[in-house]
Amino acid sequence: MSSTVRTRFAPSPTGYMHIGGMRTALFNWLWARHMGGQFILRIDDTDQARNQEAALGPILNAFRWLGLDWDEGAEVGGPYAPYYQSQRNSLYQAAAKQLEAAGFAYKDFSTKDENDADRKAAEAAKVPYLNIRRSLDLTEAQKEQYLAEGKPWTLRLLVPRTEKIAIDDLIRGHVEWDCGLMPDPVILRPDGSPLYNFATVVDDAQMQISHVIRAEEHLTNTAVQALIYKALGYSLPLFAHVPYVAAPGSKEKLSKRKIEQYRKNPQFKRMFERGDEVFPRLGLAGAQGLDPVMVEYYERIGYLPEGVLNALGRIGWSLDEKTENMSLATMVEHFTLDRVVKAPASLDPDKLFNFQGHWMKELAIGPKTDGCVRFLVQAKLLAEPVSDETRAYVQRIAEALGDRLKIFSDILDCDYFFTYVLRTDEKMFDKRVKKEGVPAHLAAFAEVLKTVAPFDAASIEAALAAYCTQVGEQTGTMIHALRLATTGQQAGPGVYDCLAMLGPDKCVARISAAVAKAT
RNA sequence: GGCCCCAUCGUCUAGUCAGGUCCAGGACACAGGAUUUUCAUUCCUGCAACGCGGGUUCAAAUCCCGCUGGGGUCACCA
């Protein structure tokens with residue numbers, strides 16, 4: 001048995017990679033890798049001229065970002081090239097010819113209008129629609145004449161209406177359809193171009209795909225496809241229909257079309273809001289239209305591939321009864337189709353964020369610093385080229401930030417380390433700085449700071465403790481006041497770390513400015 | 001509406017195929033507490049589910065039937 005596992009993902013170039021589609025792709029990739037087989041990335045661009053590079057770029061980029069490589073397919077080629085449906089027309093034509101010659105397909109001269117009318121009539125009569133096979137009654141002479149006249153025709157598969165067709169799905173089990181209820185599907189348009197259900201079968205068969213792992217929404221298509229496999233004389237691949245990914249807190253398929261509605265989704269809301277906050281600062285306002293349905297959103301806002309992958313892997317699949325945090329390698333090692341659930345699962349932004357936090361915590365300081373630098377540069381808080389000294393500074397901030405940095409764009413909240421803006425949250429300012437005795441203490445402590453050496457967290461802490469003891473002021477009061485005066489924030493890394501990183505000059509200047517404002 | 005699929009805490013899930021160890025386990029979220037003179041982390045505690053009704057059985061979340069509910073799909077889109 002030459003049973004190497006070959007799976008594929010076949011996106012059509014839509015200009016973005018859908019997060020749900022990515023999950024399906026991941027399962028395909030995982031299964032291929034788990035079994036030591038091949039993963040193929042084919043491009044289903046049979047449709048329109050909406051296509052090509054601009055529309056495909058984000059999709060390939062999503063795979064690269066997540067580290068999901070493909071053995072054959074777009075850009076890399078392979079033994080069954082080409083991997084773009086738009087370039088495989090001769091294959092479809094040959095297969096169509098074969099079907100027609102064998103009597104499994106026929107030319108249908110009916111027009112779309114006629115078919116629509118038939119469909120409406122069936123609907124009105126409350127009977128299932130079946131296309132009326134008028135063209136089958138045509139004599140050879142009539143057909144010749146139509147052809148000579150150039151009357152347009154489509155090629156339809158002749159469905160064996162007395163039969164049943166069944167598959168044994170790896171996830172859903174035995175599923176059966178009554179062919180008597182199936183209209184003859186069009187497999188070739190009047191212009192000769194193939195339709196999805198036909199092209200897919202020709203490609204999957206020719207490319208020796210062993211497991212067709214795809215979203216459940218294709219389950220119904222499988223009946224037609226199975227018929228085409230049989231008519232073409234191919235044996236069926238194994239099918240595995242995974243549940244689709246639903247919108248947060250719902251059972252409805254996550255859809256790009258419902259984006260506006262998702263803005264109000266309580267769980268999605270935070271993601272949108274963070275995006276609205278961050279993307280403009282990164283120079284990504286408006287046009288890009290980044291939203292959490294797209295994989296690109298996560299990359300741009302600073303998620304780690306590990307976080308996204310981990311979350312995706314836990315939508316509809318589990319390793320066992322308790323493992324949550326999984327690397328790609330772990331998933332490859334344990335992934336099996338029989339542990340994929342049958343019911344749709346919704347994307348959980350909270351859980352995704354939690355996985356992200358876990359992997360960010362695991363990330364070594366080097367790459368973490370690189371990520372921060374990248375975002376700081378993009379937000380123009382740092383200018384390129386970034387010197388070693390600056391990089392070291394960012395690293396100190398990243399270290400001080402510790403677990404507070406969840407996604408890379410969080411570093412933008414620390415802009416006070418790079419620029420000075422005295423935030424004017426008046427209420428907080430009044431409460432912490434413009435408070436009886438505090439401005440005077442701040443001014444006095446600023447003088448103390450000038451003499452602290454070395455200017456590190458420990459020395460500053462000792463100096464403040466000594467000062468507070470001496471003047472009989474609460475340390476807490478001073479800590480809050482100092483934080484607000486120097487960073488404008490109420491929360492963040494330890495205040496002594498902040499002061500140390502800022503350095504004596506900036507500390508003194510900012511404290512003076514705050515004191516001036518308060519008096 | 002026809003066809004098809006699905007049904008365990010708010011959410012992701014374990015358990016269902018091989019009925020008992022499940023008055024249902026883990027995680028996220030949420031609430032409370034401890035640590036941290038901030039925030040984050042960490043730790044502890046709490047909240048919370050087998051859709052309903054029949055069967056089969058000594059025993060059902062697990063098997064069978066029905067109902068209800070949810071969803072997918074019905075193109076000369078993919």
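Letters go in sequence order (proteins before strands), and every chain restarts at 1.
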Q: May I ask you to check if Arg270(A) and Phe272(A) form a cation-pi contact, with NZ or CZ under 6.0 angstrom from the six-membered ring centre and within 45° of the axis?
A: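 Because its charged atom misses either the 6.0 Å distance or the 45° angle limit, Arg270(A) does not stack over Phe272(A).
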Q: Go through the N and O atoms of the side chain of Lys342(A) and the base of C6(B), and report whether any donor-acceptor pair is under 3.5 Å.
A: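 Under the 3.5 Å cut-off, the side chain and the base do not form any donor-acceptor pair.
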Q: State, with a plain yes or no, whether a side-chain heavy atom of Glu399(A) is found less than 4.5 Å away from one of Thr369(A).
A: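 Of all side-chain heavy-atom pairs linking Thr369(A) with Glu399(A), none is under 4.5 Å.
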Q: Should Arg119(A) be listed as having a side-chain N or O under 4.0 Å from OP1 or OP2 of A75(B)?
A: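 Checking Arg119(A) against A75(B): at least one side-chain N or O falls below 4.0 Å of OP1 or OP2.
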Q: Tell me what Ser346(A) touches on the nucleic acid: a base, only sugar-phosphate, or nothing, going by heavy atoms under 4.0 Å.
A: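 Sugar-phosphate, no base atom in range.
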Q: What about Arg172(A): does its side chain form a donor-acceptor pair under 3.5 Å with the base of C5(B)?
A: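 No.
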Q: Using the C1' atom on both, measure G72(B) against C9(B) and round to a whole Å.
A: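 That atom pair is separated by 26 Å.
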Q: Taking U35(B) as the reference, what is the distance to A40(B) when you measure between their C1' atoms (whole Å, please)?
A: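 13 Å, rounded to whole Å.
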Q: Applying the Watson-Crick and G-U wobble criteria at under 3.5 Å, what pairs with A27(B)? Answer none if nothing qualifies.
A: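 A27(B) is paired, partner U11(B).
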Q: A side-chain contact here means heavy atoms from C-beta on lying under 4.5 Å apart; do Arg23(A) and Val242(A) qualify?
A: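 With C-beta onward as the side chain, the pair touches.
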Q: When only distance counts, do a donor and an acceptor, one from the side chain of Lys351(A) and one from the base of A27(B), lie under 3.5 Å apart?
A: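 In this structure, the two groups form a donor-acceptor pair.
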Q: Out of C5(B), U38(B), A78(B), which has the shortest distance to the side chain of Leu195(A)?
A: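 So the side chain of Leu195(A) is nearest to A78(B).
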Q: Categorize Asn221(A) for me: base, sugar-phosphate, or nothing, with a 4.0 angstrom heavy-atom threshold over every strand shown.
A: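 The residue Asn221(A) makes base contact.
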